[in-house]
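Working notes, beginning with the structure itself.
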Number of protein chains: 2
Amino acid sequence: MSVSHASVHPIDEVPTTEGGGGGGGGDQNNNNNNNNNNNNINPPPRVRMKDIQGMPGTSGGLCLRVSQFIFAAAALAIMASTSDFPSVTAFCYLVAAAGLQCLWSLSLAIINLYALLVRRSLQNNRVVSLFTIGDGVTSTLTFAAACASAGITVLIDNDLGSCGQNHCVQFETATGMAFISWFTTVPSFLLNFWSLASR
Amino acid sequence: MSVSHASVHPIDEVPTTEGGGGGGGGDQNNNNNNNNNNNNINPPPRVRMKDIQGMPGTSGGLCLRVSQFIFAAAALAIMASTSDFPSVTAFCYLVAAAGLQCLWSLSLAIINLYALLVRRSLQNNRVVSLFTIGDGVTSTLTFAAACASAGITVLIDNDLGSCGQNHCVQFETATGMAFISWFTTVPSFLLNFWSLASR
């Protein structure tokens, strides 16, 4: 954890809870204030990003990571519990992608929890870049797997009407869980990308 | 076109071709310089973003839009030329999504060409927000359609092995074209989002 640095002020003291949409102008004001402080105080404090809820190191970020993990694990477990998923490539791919999403989200949830407990900020440039790339890759894979499974499920259910000899309910539930897991990954990705661009 | 404004300097005079990755710090310096100029010159020039190639109003952006249109139109034409695509929901969805992508990319290519011809900048906050949302929606729809079609195509080809009575080659080509169209939409979306966040 050598890439994290101690918070300049405790995280729960100044909770800024505004959304990502209006953060651009505010960040520049914040930077200007910090620059002004640099002129007055010696040694200068590090320029620090605002903690928008959902970013790494915030309680909102931890909630997002835990939901991603839960829904990806549910998709993995439900799909793996059917006996005939290995016969369809898209369902095997869903299992693999949900497994990757599980591992990624669990790791980041643990890092986030550690950062919250020891009150360290994760707003380091390298760390946020790594999280952004990881979120982009895993969310794209999860979304692709969910869409492919949805295509097959709709084919079996609506087009062929052969739900009698297939586990349609399990397939559809696993696909839905994968979609929800993707929905909770996208805010993480967009917030990380936004914070990377706005510094 | 009331939302566009005349370029402060001609677009082809100062082409800044650095990538999106290193643009954050440079933008702030740019803003600071512009703010300093505001103090000296009256009337103040509008704060203007750098023209990274691929953004709206640049020749790179026009190239991206034209490729998006060509590949989406190819996917639409190839899929619609098969006789049995309406029997599969995912293929119908691919036709619809590729059609929407065609319309969106063609409109933006025309706007981009107009902006290049009359040397107007499209770096307006509202315009870039609109482009970002539109790119996000159309790229997500195109990617979802491509993944669903890929799932079905792999099912027909690999899992069932029934390419004899299906138009596998056309299905696979249309899916590939949709994927390439998505690949060219993602840079537009990321660049627009980056420029929205970095101002």
Side-chain angles (χ1 to χ4, degrees), chain A residues 20-25 27-28 31-32 35 47 49 84-94 97 125 128-129 132-133 136 139-160 175 178-179 182-183 186 189-199, chain B residues 20-25 27-28 31-32 35 47 52 84-94 97 125 128-129 132-133 136 139-160 175 178-179 182-183 186 189-199:
Chain A
D27 276 340
Q28 290 198 343
N31 288 342
N32 289 340
N35 288 336
V47 175
M49 283 175 30
D84 50 354
F85 85 90
S87 61
V88 179
T89 310
F91 293 161
C92 299
Y93 174 47
L94 181 77
N125 218 347
V128 177
S129 304
T132 307
I133 295 170
S139 70
T140 306
L141 291 179
T142 307
F143 186 58
C147 290
S149 298
I152 306 269
T153 312
V154 170
L155 180 82
I156 295 173
D157 195 353
N158 289 14
D159 302 333
L160 303 178
T175 305
F179 270 117
W182 172 72
F183 269 120
V186 167
F189 169 70
L190 291 181
L191 278 171
N192 282 334
F193 193 74
W194 182 281
S195 76
L196 207 61
S198 65
R199 61 180 58 194
Chain B
D27 276 340
Q28 291 197 345
N31 289 341
N32 289 339
N35 288 335
V47 176
I52 299 173
D84 50 355
F85 85 89
S87 60
V88 179
T89 309
F91 293 160
C92 299
Y93 174 46
L94 181 78
N125 218 347
V128 177
S129 304
T132 308
I133 295 171
S139 70
T140 307
L141 291 178
T142 306
F143 185 58
C147 289
S149 299
I152 307 268
T153 311
V154 170
L155 180 83
I156 296 173
D157 195 354
N158 289 14
D159 302 333
L160 302 178
T175 306
F179 269 118
W182 172 71
F183 269 121
V186 167
F189 169 69
L190 291 182
L191 278 172
N192 281 334
F193 194 74
W194 182 279
S195 76
L196 207 61
S198 65
R199 61 180 61 192

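Reminder, nothing fancy here: chain letters follow the sequence lines and each chain counts from 1.
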Original post:
What part of T140(B) is in contact with chain A, defined as an atom under 4.5 angstrom from a non-hydrogen atom: side chain, backbone, both or neither?
Top reply: both

Subject >> D159(A) CG to I152(B) CD1 distance, which is reported to the nearest 0.5 Å >> reply: 7.0 Å

Subject >> 4.5 Å side-chain heavy-atom contact, L196(B) and N125(B) >> reply: yes

Subject >> Part of A150(A) lying under 4.5 Å from any heavy atom of chain B >> reply: neither

Subject >> Region of F189(B) that comes under 4.5 Å of a non-hydrogen atom in chain A >> reply: side chain

Subject >> Where A146(B) and L94(B) come nearest, the two heavy atoms and their spacing >> reply: N-CD1, 3.9 Å

Original post:
Which atoms of S87(A) come close to chain B, meaning under 4.5 Å heavy atom to heavy atom: side chain ones, backbone ones, both, or neither?
Top reply: backbone

Original post:
Within a strict 4.5 Å, meaning less than it, do heavy atoms of the F143(B) and F179(B) side chains meet?
Top reply: yes

**OP:** Calculate, to the nearest 0.5 Å, the distance between atoms CG and CD1 belonging to L155(B) and I156(A) respectively.
**Re:** 7.0 Å

Original post:
So which of F193(A), F91(A), Y93(A) has the largest heavy-atom pair count under 4.5 angstrom toward chain B?
Top reply: F193(A)

Subject >> Contact class of L160(B) relative to chain A, heavy atoms under 4.5 angstrom >> reply: neither

